[in-house]
2 protein chains.
Amino acid sequence: MDDGTASDGTVEEGFSGKRAAQICGITYRQLDYWARTDLVRPSLADAKGSGTRRRYSYRDLLELKVIKTLLDAGIKLESVRSAFHYLRENLGEDIVSAQLVISGTSAVLVRDGAELIDVVNRTRGQGVLNLLALDDVREELDDAIHLDPAPPDRSARAALGS
Amino acid sequence: MDDGTASDGTVEEGFSGKRAAQICGITYRQLDYWARTDLVRPSLADAKGSGTRRRYSYRDLLELKVIKTLLDAGIKLESVRSAFHYLRENLGEDIVSAQLVISGTSAVLVRDGAELIDVVNRTRGQGVLNLLALDDVREELDDAIHLDPAPPDRSARAALGS
DNA sequence: ACGTGAAACTACGGCGGTGTGATGATGACG
DNA sequence: CGTCATCATCACACCGCCGTAGTTTCACGT
């Protein structure tokens with residue numbers, strides 16, 4: 001199932017919906033819901049009716065896993081939505097590089113401790129800060145991909161760049 | 001309305017439900033819901049049927065305002081519940097003194113920046129941290145009490161200890 | 001002491017968001 | 001061209017409220 005190779009021998013990149021859900025530790029229903037409510041759409045191939053297949057990229061999985069982590073931490077999906085909206089608009093590939101700091105509907109990336117203290121001080125009176133170490137999430141994701149039920153196939157290795 | 005004095009001239013301590021909600025910036029329905037579902041019960045006088053009155057203490061208001069701040073930051077009520085459960089069990093009067101750090105269902109208090117960095121580092125891989133400066137909340141609350149629609153009355157001043 | 005009016009709580013139905021489960025539809029693969 | 005994995009759709013459940021109508025009390029004036 002979903003070995004990543006198509007009938008013509010070409011390599012299908014990325015991950016099927018089912019596998020994406022398994023790897024990220026979310027239910028398939030959640031994945032489906034998020035795709036249909038525009039939170040995370042599969043960037044390689046979106047669904048176009050029954051029988052078609054979604055194809056998620058490695059980066060998609062990363063986002064899914066970050067979201068899952070935020071949800072587990074007790075953050076509202078609504079808040080996650082706006083933070084991601086902001087992140088996608090204001091940052092390129094750097095989404096996974098350091099500490100993610102979410103304050104209400106906006107978000108920032110922070111590299112080191114000093115910067116963190118700085119943000120914390122500047123945010124005095126602005127409410128609450130949510131911190132997440134993104135590189136940890138990446139590590140967990142990579143582990144999960146290798147421990148996966150389906151053996152790591154060419155597409156997974158390709159997506160990982162290893 | 002609700003000037004804090006009873007007919008016999010005695011001073012009723014604390015704040016009515018309506019005033020508590022106004023001061024803390026939450027709706028009366030929220031206050032009611034939280035009281036019914038055991039999140040924050042008025043410690044001076046709980047409701048015992050229609051016509052009775054809830055009486056909230058200054059400390060209650062503090063908790064309400066902290067909760068309101070957490071909700072505004074996009075934290076799920078469910079998560080707030082368990083954090084407060086934990087806080088009430090593990091800490092006495094110190095709830096309002098420094099930085100509140102919530103990680104999943106547990107919580108910690110942190111005094112200075114170094115301690116904060118420490119916690120952040122120790123929590124690597126444990127998910128998300130939520131930070132809140134409690135003293136700021138207290139300041140806001142005090143301001144709100146003085147700016148209140150109803151003039152600060154004896155009970156409010158008494159509760160403030162000023 | 002007592003009627004009165006308004007404040008405050010209660011009950012109940014409903015709504016939007018976030019899913020879940022079952023079942024049906026359909027493209028993809030062999 | 002049949003089988004099967006995957007997606008679509010629908011109905012339903014739960015949480016966290018909101019609005020409103022109903023009920024009860026209590027302070028106050030007489």
Side-chain angles (χ1 to χ4, degrees), chain A residues 1-12 14-22 25-42 44-56 64 67-68 70-72 74-82 149-150, chain B residues 1-12 14-22 25-42 44-56 64 67-68 70-72 74-82 149-150 153 155:
Chain A
M1 180 248 280
D2 185 38
D3 67 353
T5 46
S7 56
D8 60 0
T10 61
V11 174
E12 285 192 10
F15 308 81
S16 70
K18 200 172 195 177
R19 234 158 83 72
Q22 284 173 349
I26 61 181
T27 65
Y28 176 78
R29 308 305 291 107
Q30 276 179 303
L31 187 81
D32 185 39
Y33 179 66
W34 295 353
R36 282 181 301 105
T37 55
D38 264 5
L39 180 54
V40 178
R41 297 256 277 319
L44 300 183
D46 208 345
K48 290 185 176 67
S50 288
T52 62
R53 277 124 193 248
R54 300 190 177 108
R55 238 37 232 193
Y56 289 85
L64 291 171
I67 293 172
K68 156 77 167 159
L70 292 171
L71 286 187
D72 287 351
I75 296 178
K76 291 181 232 175
L77 192 62
E78 183 196 353
S79 182
V80 175
R81 279 185 205 279
S82 39
Chain B
M1 179 250 278
D2 186 37
D3 67 353
T5 47
S7 56
D8 59 1
T10 61
V11 174
E12 287 192 9
F15 307 82
S16 70
K18 201 174 196 178
R19 236 160 82 70
Q22 284 173 350
I26 61 180
T27 66
Y28 177 77
R29 307 310 287 104
Q30 279 179 299
L31 187 82
D32 185 40
Y33 179 67
W34 296 352
R36 287 169 188 287
T37 55
D38 263 8
L39 179 54
V40 178
R41 296 256 273 328
L44 300 182
D46 209 345
K48 291 184 177 67
S50 286
T52 62
R53 278 121 199 250
R54 300 192 177 107
R55 245 24 238 194
Y56 288 86
L64 291 172
I67 292 172
K68 155 79 168 158
L70 292 172
L71 287 187
D72 285 351
I75 296 178
K76 289 182 235 175
L77 193 62
E78 184 195 356
S79 182
V80 174
R81 277 187 208 279
S82 38
D153 57 22
S155 68

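Labels below follow one simple rule: chain letters A, B, ... track the order of the sequence lines, proteins then strands, and each chain is numbered from 1. These numbers were taken from a predicted model, which means no experiment stands behind them.
For E78(B), whose side chain is taken as the heavy atoms from C-beta onward, the closest listed nucleotide among dA7(C), dG16(D), dT18(C) is dG16(D). Relative to the side chain of S50(A), the nucleotides dT10(C), dC18(D), dA25(C) differ in distance, and dA25(C) lies closest. Nearest nucleotide to the Y33(B) side chain, out of dT10(C), dT6(D), dC17(D): dC17(D). Distance from the side chain of L77(B) is smallest to dC17(D) among dC17(D), dT18(C), dA8(C). When the nucleotides dC26(D), dT20(C), dT18(C) are ranked by their closest atom to the side chain of Q30(A), dT20(C) comes out on top. Nearest nucleotide to the side chain of S16(B), out of dA8(C), dT24(D), dC7(D): dA8(C).
A donor N or O paired with an acceptor N or O is found under 3.5 Å between the base of dG21(C) and the side-chain atoms of R29(A). If you check distances only, the side chain of R36(A) never reaches the base of dT18(C) with a donor-acceptor pair under 3.5 Å.
Between W34(A) and dT18(C), a side-chain N or O to OP1/OP2 separation shorter than 4.0 Å is absent.
Looking at heavy atoms from C-beta onward, R55(B) lies in side-chain contact with S16(B) at the 4.5 angstrom threshold.
Nucleic acid contact for T27(A): sugar-phosphate only, since backbone atoms but no base atoms lie under 4.0 Å from a heavy atom of the residue.
Here I75(B) contributes atom CD1 and I67(B) contributes atom CD1; the two are 11.5 Å apart, rounded to the nearest 0.5 Å. Between the CD atom in Q30(A) and the OG1 atom in T37(A) there is a gap of 10.5 Å [rounded to 0.5 Å]. A distance of 10.0 Å separates CZ of R29(B) from CG of L31(B), quoted to the nearest 0.5 Å.
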